[in-house]
Number of protein chains: 2
Amino acid sequence: MTLRADARRNVEGIRRAALDVFRTGGLTTPMDEVARAAGVSKGTIYHRFGGRRGLIDAVVDELVAERIRAIVDEVEALDGPLPRFEAYLRGIWLLQFDEPAANDVLMRALPDSKPLSILCDQACEFALGLLRDAQAAGAIRPDLTPEDLTHLILERGTIARACPHQSRSDYDRRLGFTLRGLRPL
Amino acid sequence: MTLRADARRNVEGIRRAALDVFRTGGLTTPMDEVARAAGVSKGTIYHRFGGRRGLIDAVVDELVAERIRAIVDEVEALDGPLPRFEAYLRGIWLLQFDEPAANDVLMRALPDSKPLSILCDQACEFALGLLRDAQAAGAIRPDLTPEDLTHLILERGTIARACPHQSRSDYDRRLGFTLRGLRPL
DNA sequence: TAGCTTCTTGACCATGGAGTCAAGTACTGC
DNA sequence: GCAGTACTTGACTCCATGGTCAAGAAGCTA
């Protein structure tokens with residue numbers, strides 16, 4: 001069963017508006033704002049997507065999955081466990097700064113939805129591999145646990161969210177301090 | 001002009017309740033909750049303290065000033081720029097973990113009030129002195145700026161607030177990573 | 001204890017956001 | 001172009017919070 005023409009138009013409009021609004025304001029932006037941006041009423045969004053959660057599911061892939069895949073690709077092209085490990089972390093951390101929405105996803109900030117959790121788990125998985133390799137090579141301190149790693153990403157997320165006033169270059173420079181602290185003594 | 005007996009009783013009760021409630025929930029705890037804890041109505045608090053801000057002013061000293069002073073004293077008793085610097089940071093960071101209210105103060109989370117700002121500024125001042133000494137001794141990387149230092153405290157504050165699930169010992173252990181990243185290369 | 005003054009109460013207003021639904025609008029097939 | 005159904009609307013409810021104030025309760029003084 002296919003949607004009526006106006007409904008199809010609206011679904012697309014809402015998706016595009018959500019993408020736009022979520023990108024700048026994160027996944028918690030009020031639904032009214034999404035509705036306004038899409039030029040429809042809030043009710044239509046609830047009717048079409050069943051609330052915030054469904055809406056997120058509908059845009060999460062375009063929103064962040066490709067960004068994360070890009071980081072992974074970039075890392076795969078590098079040589080050496082330490083550069084790979086550090087490039088990945090830095091990439092994720094910068095993504096968290098650049099895209100509040102991606103950050104929300106990484107932090108499972110919101111109404112957990114299936115595609116969202118899958119994405120997170122894949123990212124974690126990959127990171128753990130990098131950690132293992134870097135530690136095996138003696139390039140990262142051995143007392144850094146997988147939970148620490150998850151935590152490093154989580155905490156960077158809260159920082160990116162809570163301190164939006166810092167410039168990107170300062171943020172980036174400070175990432176260097178943090179990475180430095182993960183090397184062996 | 002002196003307060004009536006019941007009023008005096010209430011003021012004390014409210015102060016004690018605020019201390020208690022703020023300690024566990026931070027300076028943003030709903031006023032209704034403070035009122036309930038004190039066994040009075042919300043209106044009484046507004047009448048007696050003029051709102052959250054006044055209430056904070058009334059308890060901030062007992063709440064955190066003495067804790068910060070304790071850290072300063074402890075640091076003063078140490079020898080060597082690096083131990084002093086690191087002990088101070090660690091002390092503040094642990095305080096942020098232990099006392100959400102202290103954290104709120106440090107982060108100027110709330111209705112700025114005079115005593116609160118003064119407290120923050122004093123703490124910053126002191127920290128900057130420690131930083132200067134540690135850098136002069138070559139024990140801390142020279143590219144760490146005073147703003148970085150402020151930021152390190154601020155961001156630890158958001159972390160302590162946002163990730164209350166981590167155990168104190170994990171939190172503490174991870175502080176070690178961060179400190180390690182501040183040493184020279 | 002009466003009467004005055006201080007104090008407290010809790011119902012009330014405002015804000016801002018989530019989520020719902022009866023009624024009205026617009027598309028589509030015949 | 002009409003009927004019938006799909007779709008949209010926006011006003012509504014609900015909840016949590018900050019904050020106010022007229023009316024009633026309580027303490028104090030003579």
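Worth knowing before you read on, the calculation uses all heavy atoms, side chains too, and leaves out hydrogens, waters and symmetry mates. Lettering of chains follows the sequences in order, A, B, ..., and the numbering in each one begins at 1.
With C:dT9, D:dT8, C:dC7 as the candidates, the nucleotide lying closest to the side chain of A:Asn10 is D:dT8. Counting only heavy atoms from C-beta on, A:Thr44 has its side chain closest to D:dT8 among D:dA26, D:dT5, D:dT8. Out of D:dT17, D:dC28, C:dA18, the shortest distance to the side chain of B:Ala5 is found at D:dC28. The nucleotide whose nearest atom lies closest to any side-chain atom of B:Arg4 is, among C:dT8, C:dC27, D:dG27, D:dG27. In the set D:dG27, C:dA18, D:dT8, D:dT8 carries the atom at the smallest distance from any side-chain atom of A:Asp6. With D:dT8, D:dG18, C:dC7 as the candidates, the nucleotide lying closest to the side chain of B:Leu3 is C:dC7.
Just one of A:Thr145, A:Leu144, A:Asp148, A:Leu182 meets the side-chain contact (heavy atoms from CB on, under 4.5 Å) condition when paired with A:Leu131; it is A:Leu144.
For B:Glu33 and D:dC15, the CD to C1' distance is 16 Å, given to the nearest whole Å. We find that CD1 of B:Ile45 is positioned 10 Å from P of D:dG18, with the value rounded to whole Å. Summarising the geometry, the separation between CZ on A:Phe49 and P on C:dG19 is reported as 15 Å, rounded to the nearest angstrom. Atom pair B:Arg36:CZ and D:dA16:C1' shows a separation of 12 Å (rounding to whole Å applied). Put simply, CG on B:Asp32 is 8 Å from C1' on D:dG18, counting in whole angstrom units. Atoms CD1 (A:Ile56) and P (C:dA18) sit 11 Å apart, rounded to a whole Å. Atom NE2 in A:His47 sits roughly 12 Å away from atom C1' in D:dT5 (whole-Å rounding). Note: NZ (B:Lys42) to C1' (D:dC21) measures 12 Å, nearest angstrom.
By the 4.0 Å N-to-carboxylate-O rule, A:Asp143 lies too far from B:Arg173 to be salt-bridged with it.
Proximity of A:Tyr46 to the phosphate of C:dG19: a side-chain N or O atom is located under 4.0 Å from OP1 or OP2. Look at B:Arg48 and you'll find a side-chain N or O under 4.0 angstrom from OP1 or OP2 of C:dT8.
A:Arg67 places no side-chain N or O within 3.5 Å of a backbone atom of A:Leu95 that could act as its donor or acceptor partner. A side-chain donor-acceptor contact under 3.5 Å links A:Arg90 to the backbone of A:Asp172.
Positionally, the nearest nucleotide of DNA chain D for A:Val40 lies more toward the 5' end than for the other of B:Met31 and A:Val40.
For A:Arg52 against C:dA18, a side-chain-to-base donor-acceptor contact under 3.5 Å is absent.
Sorted by first and then second residue, the side-chain hydrogen bond (donor to acceptor under 3.5 Å, both in side chains) pairs involving residues 38-47 of chain B (not counting sequence neighbours) form an empty list.
Nucleic acid contact class of A:Arg8 (heavy atoms, under 4.0 Å, all strands): none.
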